[in-house]
Amino acid sequence: MGRQPCCDKVGLKRGPWTIEEDNKLMNFILNNGIQCWRLVPKLAGLMRCGKSCRLRWINYLRPDLKRGAWTEAEEDMIIELHSRLGNRWSKIAAHFPGRTDNEIKNHWNTKIKKKLKFLGLDPLTHKPIDQPENRVSKKTGSIEIQNSEPLDAISYIVGTNDIQLEDPFQNWIDSPLPWDVFSSLGENFL
DNA sequence: AACACTAGCAACCGCAGATTA
DNA sequence: ATAATCTGCGGTTGCTAGTGT
């Protein structure tokens, strides 16, 4: 019983997407929307599995994607969210319109992890790795020897012990994502 | 100029939970 | 109720461009 398989994996193309494939997928989704990923490659004339199409669309082709450098504020927000949510990249990405979970994950693994380690913080726990009384000055980069209680890692990086996430961030959590526009787009076209 | 190393990113893989016949 | 499939997620890999020697 059950449903039909996602794809038979026979004769399917893998590896980097070509411009032609991108165009096919983009045109198909913009014109027809997404009802079932399994059918997308078949209907769009692509030798890819639905999973691959979905990934390509979400991570690269979506028109609402925001590309470009990360701001310091964005990085701080990632660190804060990661301290609360852990490696739940999709949850973290929900707070960044136009950014994908894959993009955030990559940025975390290539940049932020190193940044935290450089600052003497464990990327997993967000706590000082050792010598918790020693801090690196955020402004000067110099090490400050302290005898006081270790700061909460996030408060320390962001620069405050009294983070108010509720207002700007909560607005995003509560508000519908722009992505909804495309959902309705699909319904209209089919 | 040639090679080795590193960083960044796109894409794949495998799994878990949700969905459906 | 059950089994098969779909979807989405997180971890990992592999390719490419940039940099150093």
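Bear in mind that the values here come from a model prediction, so they are computed numbers and not experimental data. Every chain is numbered from 1 and lettered A, B, ... according to where its sequence line falls, protein lines coming before strand lines. The figures that follow rest on heavy atoms only: side chains count, while hydrogens, waters and symmetry mates do not.
- As a whole-Å value, the separation of A:W108 CH2 from B:dG8 P is 15 Å.
- Note: A:K13 NZ to A:E21 CD = 4.0 Å, rounded to the nearest 0.5 Å.
- The phosphate of B:dA11 has neither OP1 nor OP2 within less than 4.0 Å of any side-chain N or O from A:R14.
- Taking each heavy atom of A:T110 and A:N106 in turn, the nearest pair found is OG1-O, 2.7 Å.
- Taking both residues in full, the closest heavy atoms of A:P63 and A:W57 are given as CD-CH2, 3.7 Å, listed atom of the first, atom of the second, then distance.
- Between A:K111 and the phosphate of B:dG8, there is a side-chain N or O to OP1/OP2 separation shorter than 4.0 Å.
- Counting to the nearest Å, the P atom of B:dC9 and the NZ atom of A:K114 are 10 Å from each other.
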For nucleotides 9-16 of chain C, give me one character per nucleotide, 5' to 3': B if any protein heavy atom sits under 4.0 Å from the base, S if the only such contacts are to the sugar-phosphate, - if neither. SBBB----
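- Rounded to a whole Å, the CG atom of A:L39 is 8 Å from the P atom of C:dT7.
- For A:E103, the side chain to side chain donor-acceptor pair (under 3.5 Å) criterion is met by A:R99, not counting sequence neighbours.
- The CH2 atom of A:W57 sits 16 Å away from the P atom of C:dT7 (whole-angstrom rounding).
- Residue A:N59 contributes atom CG, which lies 11 Å from atom P of B:dC12 at whole-angstrom precision.
- The aromatic rings of A:W70 and A:H107 lie parallel to each other, with less than 30° between the two planes, well short of the 60° mark.
- Atom P of nucleotide B:dC12 and atom OH of A:Y60 are separated by 14 Å, given to the nearest angstrom.
- With rounding to whole Å, A:K113 atom NZ is found 13 Å from B:dG8 atom P.
- Here A:R48 reaches the OP1 or OP2 of B:dC12: one of its side-chain N or O atoms lies under 4.0 Å away.
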Criterion side-chain contact (heavy atoms from CB on, under 4.5 Å) on A:W37 and A:L55, from CA distance to verdict: CA-CA 10 Å; A:W37 281 113; A:L55 206 64; over 6 Å; no
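- Between the CH2 atom of A:W37 and the C1' atom of B:dA18 there is a distance of 18 Å, given to the nearest Å.
- Checked by atom type and distance alone, the side chain of A:K24 pairs as donor or acceptor with a backbone atom of A:G45 at under 3.5 Å.
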